[in-house]
Amino acid sequence: MPQDFRLDNVGMVNREKKISFKFNGKKYFGFEGDTIASALIANGVHLVGRSFKYHRPRGFFGVGVDEPYAILQLDRNNERDPNIRATEQEIFEGLEVKSVNCWPSVNFDIGAINNFLKMFFPAGFYYKTFMWPPSFWYKIYEPFIRMAAGFGEASIKHDKERYEHKYEYCDLLITGSGPSGLASAYAAAKNGARVILAEDKPRFGGSLLTSDVNIGNQTGVEWTEKIIAELKSMPNVTVKNRSQVFGYYDHNMLVMSERISDHLPKTQKYLPKQRLWYIRANEVLISSGSIERPLVFGNNDTPGVMLSSAAKEYMKVYGVLVGKKPLIFTNNDSGYETAIEFKKNGVNPIILDTRSNPSSDIITEAKNLNIEIKFSHVVVAAKGYKKVKSADIAKISDDKKELFNIENIECDCICVSGFWTPSIHLASQSGNKSKFNEKIDAFVPDKSKQQENTIGSANGIFTLEETIKDAFDKGFDVSNKITEKNNKVSVPTVVEKKSTDHDKFWCVPLPKGKSYKRFLDFQNDVAVSDIELALREGFRSIEHVKRYTTLGMATDQGKTSNLNGLQLVSDIENKVVPQVGHTTFRPPYTPVSIGAIVGREVGKHSKPTRKSPMHSWHEKNNAVFVDAGVWLRPRYYKQGNEGLFEASKREAKNVRQNVGVCDVTTLGKIDVKGPDAAEFLNRVYTNAWLKLPVGKARYGVMLREDGIVMDDGTTTRISENHYHMTTTTAQAANVLSHLEYYLQLVWPELNVNVVSTTEQWAGAAIAGPNSRKLLMKLFPNLDVSNEGLPFMGYKEADLFGVPAKIYRISFSGELAYEINVESDSGYFMWEKIMEVGKEFQIQPYGTEALSTLRIEMGHVAGSELDGRTIPYDASLEGLVSKKKDFIGKRSLNRSAFTSTDREKLVGVVPIDKTTSIPEGSYIVKDPKAKLPNPKLGHVSASCWSVEYDNPFSLAIIKDGKNMIGQKLFAMSPLKNKTIPVEIVSSHYVDPEGKRVRS
Amino acid sequence: MLYINCPHCGLRSQNEFAYGGDATVKRPELNKEISDQEWDNFVYLRKSPRGKHLELWHHISGCRQWIKVERDTSTHEIFKTYKANEAIE
Ligand SMILES: [Zn+2]
C-alpha cells in the first residue's frame with residue numbers, strides 16, 4: 001500500500017524496517033521510529049477521535065506531550081492500556097489501537113448530537129443541566145454521561161507487566177535534551193559533576209532536530225549526536241531517552257518515568273515495562289523547552305488544524321506531510337520555517353501573517369522562495385467537518401477589530417503559530433513563583449525556590465546563540481559549586497537566522513452574523529463563548545473560571561490552552577495577564593501509569609511476608625494459613641474433610657484433654673537490659689516490677705498516656721539486669737518505638753537499652769494436662785515438678801543438645817509452657833516436640849483454636865484491647881498499682897473513665913445454647929425498641945466452647961459486672977439475627993485458675 | 001519527599017522516618033501533683049503552627065534514634081536537626 005503523504009528520503013525513521021499495526025481494526029504500516037500519529041498521517045488518516053463534550057471530530061494537533069486530541073486505547077500482548085497519546089507512542093509489529101470517546105464508531109458517533117445541542121452545553125453544563133430531579137441522576141444522566149464520555153477503558157484484569165522503582169542521586173539533573181540541556185550537561189559533565197540528562201522523546205536534540213541551524217560548523221543534528229555520544233561515554237553521566245521528569249517535589253526530589261518496553265511488542269524477559277526513578281538531585285537545570293501557542297479562530301478544532309511546529313517535525317523527523325495544500329497562519333516568524341520546509345519538499349504553502357509589514361532574514365528567505373505571503377491576514381474559520389477542506393480568510397484592520405474581504409480558499413491543513421509558551425511546569429512545582437514576561441506574552445520562572453534554574457526556551461530565551469551561551473555558563477556554574485573544579489569548555493559558534501518580533505494578536509474576531517465555535521481548550525471543549533459566559537455569570541478568580549468551565553483541566557493540563565485562556569480573561573476584564581495570574585501547576589506534568597507508581601509493591605509483594613522457622617513443617621501438615629500482621633500463621637491444620645469449625649474444635653479440645661503445641665514465634669520479643677531495667681519496667685507497666693525475682697515471669701499491661709491499654713504480655717527476669725519482654729504480634733513494632741521514646745527523650749537518665757529479638761527466637765507453646773509429662777521427656781535432667789518449675793517460673797535447659805529457654809506461662813488457661821530456642825533450631829525443636837509428644841496424643845493447634853481457648857478463659861486480646869479500653873474495662877483492675885506512678889496513670893482518674901456505666905468485659909451465652917453470636921453484634925435490652933435502639937455494648941469475640949460444647953462470646957457492655965445473670969439480646973443487623981442471651985462471667989472455664997497452677 | 005539530616009546517620013529520605021509530633025511538649029514528672037488542666041494540656045493539646053516548628057522524628061528504618069527537627073510546616077524547609085537531648089538553639 002503506498003503511503004500518499006510520505007516523503008522520499010526525508011526524516012529519521014528506518015525505511016529498511018516496515019512495521020504493520022492496526023488502528024480501529026484496519027491494518028496500516030509505518031516504519032521503525034514512527035509514532036502512531038506519524039504513521040497514520042503518512043497513510044492520510046486524520047480522524048482519530050471525538051471531543052469530550054460535543055463529540056466533534058478530532059485529528060492531530062501536536063507532535064508530543066502537548067497533544068490534546070489523539071488519545072487512544074492500546075492493546076498490547078493482551079493487555080489494555082488506556083489514554084495513550086498517539087504522538088508519543090511508537091509503533092511496533094502487531095500494535096493494535098483504537099479510538100476512544102466515540103460510540104459506536106469514530107465515523108458515526110451518536111454523541112455528536114451534542115454538537116447540535118450545544119446551546120444546552122454551555123460553561124458549567126454539568127452543574128446546570130444534570131441537577132434536577134435527583135432521581136434522573138442515576139437513571140438517565142449518569143448512564144448517558146458514562147456511555148458518551150471518558151478517555152478509554154482501564155483493564156479490570158490483573159496487570160501482569162512489571163514496573164520497577166529506582167532511587168538515584170546526582171549532582172545535577174537536566175530535564176530535556178534540547179540545545180540548552182545538551183550544552184549544560186556537557187559543560188557540567190566536563191567539570192566532573194555527576195549528571196543525569198533526561199529526554200522524554202526517543203530521539204535526543206529537541207528543537208535541534210527540526211531547526212535549520214549550525215553549531216560549531218555542524219548541523220544541529222550532527223552536533224546533538226556528537227554531544228550525546230561523548231556524554232554516554234563518560235562514567236559520571238547517565239543519559240536517558242523515553243524518560244519524562246514529571247514531578248518536582250520537596251527537597252529537590254524529582255520523579256521520572258522511563259518507558260522501557262512500551263515501544264516493543266513484548267516486554268523483554270529481564271526488563272520492566274516502565275521504571276519510576278526517584279531522583280534526589282543537588283541541583284536541577286530545567287530545560288523542558290517551550291510549546292507553540294495556538295491562534296484562535298472559528299472551528300479551529302477541525303482535524304487538519306495543527307501547530308505549525310508539529311507540521312515541521314512531522315516532515316523533518318518522520319518524513320511525513322500533514323497536507324499538500326497547507327495554509328500557514330502565524331503571528332511570528334516560526335510559521336515561515338514550516339512554510340519553507342513545505343516548499344523544500346515540493347509543496348506550495350500560503351502564509352497568512354497577522355502582522356502588516358514585518359521583515360527579517362527568514363521572511364526574506366520565504367519571499368525569495370516565491371512563497372505566497374498575505375500580510376494583515378487571518379483565518380476566520382476552518383471549513384470541513386471531518387477534515388479541513390477550505391478556510392474563510394480575511395484581511396484584518398490594523399486595530400485587529402474589523403475583517404474585510406472574506407473569501408474562501410481551498411486548503412487541506414492549517415498550520416498555526418501563535419508564538420511560544422515556556423514549559424514552566426517543573427519550576428512552578430518546585431515552588432518557584434513565575435513572573436510575566438511582556439516581551440514574549442508568557443510566564444517565565446522567577447527566583448529559584450529550591451536548587452533549580454531554568455534554561456533555554458523554558459526560561460523564555462528564544463535565540464539559539466543566547467541559549468547555548470547561557471546553558472554552557474549555567475552548566476559550568478552549578479557544577480563548579482558542587483565539584484569546585486574549573487574545567488571550562490569553550491562555547492561553540494552558533495549560526496542561526498535572525499527573526500523579528502511577534503504580533504501580540506491571537507484571537508480572530510467573529511465576522512458579523514456568525515457564531516463559530518472558537519476553541520481554547522481542545523481536550524475539554526472549552527470555547528471563547530464559555531469563558532465569556534462564566535465571566536458574565538460573575539466568576540472572577542482564574543481558579544474559579546478554570547473549574548467552572550473546565551479550562552485546562554483535561555489530561556493535557558492545558559499545555560496549549562492555558563495562556564490563551566488567561567489572555568481572554570484579561571482582555572474581557574480590561575486587565576493585563578499578570579493581574580489575572582495563572583492557575584497552579586501540579587505534578588504529574590504528563591499522565592503516569594498507575595502501575596509505574598505502584599511499582600513492584602503489588603499482590604504478595606505489597607508488604608513483606610514473614611514466616612516462622614517452622615513454616616515448612618506447617619505446610620507439610622496441611623496448615624491453612626492466616627495473615628497476622630505481616631506474619632503467616634497456621635489458622636488450623638486440616639485433617640480429611642474438616643473445615644475451619646471442625647478442625648479448630650478438635651484442636652482446642654485436644655489441648656483441654658491431652659496436649660497441644662502452637663507456634664508462637666510471631667510474638668514480639670524485646671530484650672530490656674541495664675542497671676535501671678527494673679525501674680524502667682515499673683514505669684512502663686501498670687503493675688509493680690521492682691520485686692520480681694530472677695527466674696520469674698510476670699504478666700503486665702502497658703498504657704498510653706491517655707490511659708488506654710496499649711499492649712499486654714509477660715516479661716521474665718532472665719538475670720539481675722536482663723529482662724525478656726513479650727508483646728502481642730500486632731503491637732511489637734509500636735511497643736519498641738514507645739520504649740525507645742521514653743528512654744531517649746523522657747527518661748534519658750535511666751541506664752537501659754532495648755532491642756527487638758523477635759526474629760532471634762523460635763517459640764512453641766505446649767499446653768494441656770499432659771504438657772508436664774511431655775516436658776519431662778523433652779528435658780529429662782530438669783526438675784519440672786510444680787515446685788521445681790512453678791507457674792510463672794523460668795528455666796534454661798538443653799533440648800537434645802540445643803540450648804532452650806522454658807517459660808511456664810499460659811494463654812490457654814491450661815497447664816502450659818513456652819519453649820524458645822534460637823531460630824535456626826526452631827524446626828528441630830518442633831519436630832522433637834511432635835515426636836516425643838506422640839505418646840501423649842499431641843496435636844498442633846492454630847490461631848483459631850488458640851482464640852477459642854483464650855475466649856473461654858476470658859483472657860483479653862486485640863479484639864478487647866481495641867484502642868478504646870482502659871484496664872478497668874477489661875477486668876484488669878488487679879494489675880493497676882495504686883502505689884506507684886506509671887505511664888498513663890494520671891489519665892485513669894478522668895471522669896469518663898471512672899463513670900459506672902463504662903462498658904466492661906463480660907461473657908455471653910445464647911439461651912438456646914446452639915446459636916452462635918456474630919462478632920460485632922450489639923447487646924440490647926429490647927430487640928423491638930424504636931430505632932436507634934439504645935446499645936448496651938458489643939460482642940468482641942465469639943467461639944464454640946469446647947469445655948461446655950455450646951457457643952460462648954466475650955462482650956464489653958455498660959455496667960458489665962452488675963449485668964451478670966440478666967437476659968438480654970444480641971442483635972446483628974448485618975447478619976439479620978436477634979439472639980436471646982444470658983450475661984455470664986467472662987471467666988467461663990476454670991474461673992479460679994487452678995489448671996495453670998496444677 | 002523530605003530529606004532529613006539524621007544527626008547520627010546523615011541525610012536520609014523521609015520514608016526511613018516516622019513522624020513523632022511536637023518536640024516542645026514536656027512530660028510532667030512522675031509522682032508530681034499537678035492539676036487536671038496541666039495533665040490535659042500534656043496529653044491532648046498541641047499547637048499546629050504555620051511556620052517554624054520543632055518536631056520529633058524517629059529514625060525507625062535507620063539508627064532507631066528519636067531526633068528533633070526544626071522544620072517550616074508551610075514550606076517544609078528544614079533548618080536544623082538535633083539529637084534527642086541536645087540543647088536547642
Ligand atoms: Zn539515624
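Protein chains get the first letters and strands the later ones, always in sequence-line order, with residue 1 at the start of each. Values below: all heavy atoms of this structure, side chains included; hydrogens, waters and symmetry mates excluded.
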*Atom CG of Asn31(B) and atom NZ of Lys889(A): how far apart are they, to the nearest 0.5 Å?*
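Asn31(B) atom CG to Lys889(A) atom NZ measures 8.0 Å (nearest 0.5 Å).
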
*Drop me the distance from Glu33(B)'s CD to Arg890(A)'s CZ, to the nearest 0.5 angstrom.*
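With rounding to 0.5 Å, CD (Glu33(B)) is 7.5 Å from CZ (Arg890(A)).
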
*Could you walk me through whether Leu2(B) and Met253(A) pass the side chain to side chain contact (heavy atoms under 4.5 Å, CB included) check?*
CA-CA 8 Å; Leu2(B) 306 186; Met253(A) 159 76 79; over 6 Å; no

Check whether more than 12 heavy atoms from other residues, nucleotides or ligands sit under 6.0 Å from atom [atom1] of [X], and answer yes or no.
{"X": "Glu749(A)", "atom1": "CD", "answer": "yes"}
{"X": "Arg27(B)", "atom1": "CZ", "answer": "yes"}
{"X": "Ile594(A)", "atom1": "CD1", "answer": "no"}
{"X": "Lys884(A)", "atom1": "NZ", "answer": "yes"}
{"X": "Lys80(B)", "atom1": "NZ", "answer": "yes"}

Would a distance-only check, ignoring hydrogens and angles, find a side-chain to backbone donor-acceptor pair under 3.5 Å from [X] to [Y]?
{"X": "Gln744(A)", "Y": "Ala84(B)", "value": "no"}
{"X": "Arg280(A)", "Y": "Ser13(B)", "value": "no"}
{"X": "His251(A)", "Y": "His76(B)", "value": "yes"}

Among the listed options [options], the residue most often paired with chain B at heavy-atom distances under 4.5 Å:
{"options": "Tyr249(A), Tyr278(A), Tyr741(A)", "result": "Tyr741(A)"}
{"options": "Gly431(A), Gly707(A), Ser891(A)", "result": "Ser891(A)"}
{"options": "Val746(A), Asn252(A), Val255(A), Leu745(A)", "result": "Leu745(A)"}

Would you mind checking which part of [X] comes under 4.5 Å of any heavy atom in chain A, side chain (CB onward), backbone (N, CA, C, O), both or neither?
{"X": "Gln65(B)", "answer": "both"}
{"X": "Asp36(B)", "answer": "both"}
{"X": "Lys68(B)", "answer": "side chain"}
{"X": "Trp66(B)", "answer": "both"}
{"X": "Ile34(B)", "answer": "both"}

_Evaluation steps, side chain to side chain contact (heavy atoms under 4.5 Å, CB included), between Trp39(B) and Asn893(A)_ = CA-CA 11 Å; Trp39(B) 181 255; Asn893(A) 300 334; over 6 Å; no

*Nearest heavy-atom pair of Arg64(B) and Ser737(A): which atoms, and what distance?*
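In terms of heavy atoms, the two residues are closest at NH2-OG, 3.2 Å.
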
*asked:* Looking at every heavy atom in both Val43(B) and Asp706(A), which two are closest together, and how far apart are they?
replied: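 Smallest interatomic distance, heavy atoms only, reads CG1-CB, 3.8 Å.
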
Is [X] in contact with chain B via its backbone, its side chain, both, or neither, using a 4.5 Å heavy-atom distance?
{"X": "Tyr167(A)", "result": "side chain"}
{"X": "Leu743(A)", "result": "neither"}
{"X": "Arg704(A)", "result": "neither"}

